[in-house]
Amino acid sequence: LEIGCGWGGFALFAARTYGCRVTGITVSQEQYDFAAARVRAAGLQDRITIRLCDYRDVQGQFSHIVSIEMLEAVGREHWPTFFAVCHARLAPGGAIGIQTIGMPDHRFEVYARHADWIQKYIFPGGMLPSIGALLEASSAGTPLTLRWMDDIAPHYARTLREWRLRFFERLDDVRALGFDDRFIRMWEYYLASCEAMFATRQISTLQLVMSRAGE
């Protein structure tokens, strides 16, 4: 199960590279249409199912669950529900892989009390978790336990730099889509400031693997 399948990239990779059978869910009609078309074009309908579905409405159990940078959109008050759903949908002996942008624990409570620039202009309603806040939410009602963790922030800094370079290489395309100079300046600020925050470890890109205690 992929919670928040986006444009289908991970599902295609997992099916092609490892032969996985993937159920990808999204609440975006645009992402659903695009990802489903990519699956059909790849001829992988027998291995990938894309559904327009909220994660709380998924039924059944899955040997593995993955969620890549969707948790930031769940909201702090819903994190315990997210982990409760993962616990319910995870088959015995299974594991959960989560990638999320993360806030340092010592800054989390201050950050959580107000909307910053990115929350106001780029990701309305977004909330970056800290490791401590996530573990508190997961242990509130489930036996899910952290098994492995990595922080790929330096790699993400490079990713943002590459995104920014490619963005400016295609400004004619950006303007053709109807975006003006104000948007271009705002997007440059967003990409450059995030690159700097990852490079200086002000924020993290966390990769977590969780499973039930005793399994």
Side-chain angles (χ1 to χ4, degrees), residues 2-13 24-38 52 54-55 66-79 82 98-131 133-134 150-208:
E2 183 182 8
I3 300 176
C5 66
W7 309 104
F10 175 83
L12 289 166
F13 176 81
I25 62 171
T26 178
V27 294
S28 164
Q29 183 70 54
E30 290 82 1
Q31 289 184 340
Y32 168 81
D33 293 340
F34 190 88
R38 290 181 75 185
L52 190 64
D54 188 284
Y55 73 94
V66 65
S67 183
I68 303 171
E69 295 192 24
M70 175 270 188
L71 195 63
E72 301 92 325
V74 169
R76 185 181 189 181
E77 67 273 24
H78 300 298
W79 290 341
F82 175 85
I98 296 173
Q99 178 169 307
T100 180
I101 307 302
M103 182 66 57
D105 277 302
H106 76 280
R107 290 174 48 206
F108 176 73
E109 290 300 335
V110 173
Y111 157 79
R113 286 197 292 268
H114 72 281
D116 60 17
W117 185 88
I118 290 177
Q119 289 168 310
K120 183 175 180 179
Y121 291 104
I122 307 298
F123 295 117
M127 172 64 69
L128 303 184
S130 70
I131 296 169
L134 278 187
D150 196 6
D151 177 5
I152 62 169
H155 304 283
Y156 223 58
R158 177 180 175 182
T159 298
L160 281 149
R161 182 168 65 253
E162 296 293 339
W163 282 344
R164 181 164 49 87
L165 292 173
R166 282 161 174 72
F167 178 72
F168 277 94
E169 287 172 355
R170 301 185 63 180
L171 283 185
D172 289 343
D173 295 335
V174 173
R175 292 191 174 99
L177 290 169
F179 295 106
D180 59 11
D181 287 342
R182 178 180 181 275
F183 173 86
I184 291 170
R185 290 194 302 271
M186 182 173 68
W187 210 246
E188 179 183 18
Y189 180 73
Y190 161 62
L191 294 172
S193 62
C194 285
E195 177 189 341
M197 285 191 287
F198 284 114
T200 57
R201 298 301 186 102
Q202 298 297 317
I203 54 177
S204 302
T205 307
L206 303 173
Q207 293 184 329
L208 314 173

Q99: what forms a side-chain contact (heavy atoms from CB on, under 4.5 Å) with it, not counting sequence neighbours? I68, E69, I152, Y156, T205, Q207
Distance col, row I122:CD1 vs M186:CE, nearest 0.5 angstrom, shows 5.0 Å
Side-chain heavy-atom pair L208, L134 within 4.5 angstrom cut-off: yes
Of all heavy-atom pairs linking I25 and I3, the shortest is CG1-CA, 3.8 Å
Distance (rounded to the nearest 0.5 Å) between S193 OG and L191 CG: 8.0 Å
Does the side chain to side chain contact (heavy atoms under 4.5 Å, CB included) test come out yes or no for F82 and S67, once each step is laid out? CA-CA 11 Å; F82 175 85; S67 183; 4.2 Å; yes
More than 12 heavy atoms of other groups within 6.0 Å of Y55 OH: yes
Going through the distances and angles, do F10 and E2 end up as a side chain to side chain contact (heavy atoms under 4.5 Å, CB included)? CA-CA 8 Å; F10 175 83; E2 183 182 8; 3.6 Å; yes
Atom CE in M103, atom CE in M127: separation rounded to 0.5 Å? 9.0 Å
Decide if atom OH of Y121 counts as having more than 12 heavy atoms of other residues, nucleotides or ligands within a radius under 6.0 Å. no
Nearest 0.5 Å, what's the CZ-CD1 distance between F123 and I101? 8.5 Å
Scan for salt bridge (charged side-chain N to carboxylate O under 4.0 Å, His left out) pairs involving residues 101-126, sequence neighbours excluded, and state none if there are none. R76-E109
Looking only at heavy atoms, which two atoms of A133 and W79 are closest? And how far apart? CB-CZ3, 3.8 Å
Which atom of P154 lies closest to which atom of R201, heavy atoms considered: CG-NH2, 3.2 Å
Would you mind reporting whether I184 and F168 have side-chain heavy atoms less than 4.5 Å apart? yes
Quick check: closest heavy atoms across G126 and Y111, and the distance to 0.1 Å? O-OH, 4.2 Å
Tell me, with the steps shown, if I118 and C194 meet side chain to side chain contact (heavy atoms under 4.5 Å, CB included). CA-CA 9 Å; I118 290 177; C194 285; 3.6 Å; yes
Between CD on residue Q29 and CG on residue D33, distance to nearest 0.5 Å: 4.5 Å
Could you note down all residue pairs passing side-chain hydrogen bond (donor to acceptor under 3.5 Å, both in side chains) where residues 181-191 supplies at least one of them, sequence neighbours left out? R175-D181
Any idea which heavy atoms bring E195 and A157 closest together, and the distance? CG-O, 3.4 Å
Side chains of H155 and R158: closer than 4.5 Å at any heavy-atom pair? no
If you measure from CG on L206 to CG on L71, what distance do you get to the nearest 0.5 Å? 10.0 Å
Here the pair of heavy atoms bringing E30 nearest to W7 is O-CZ3, 3.7 Å
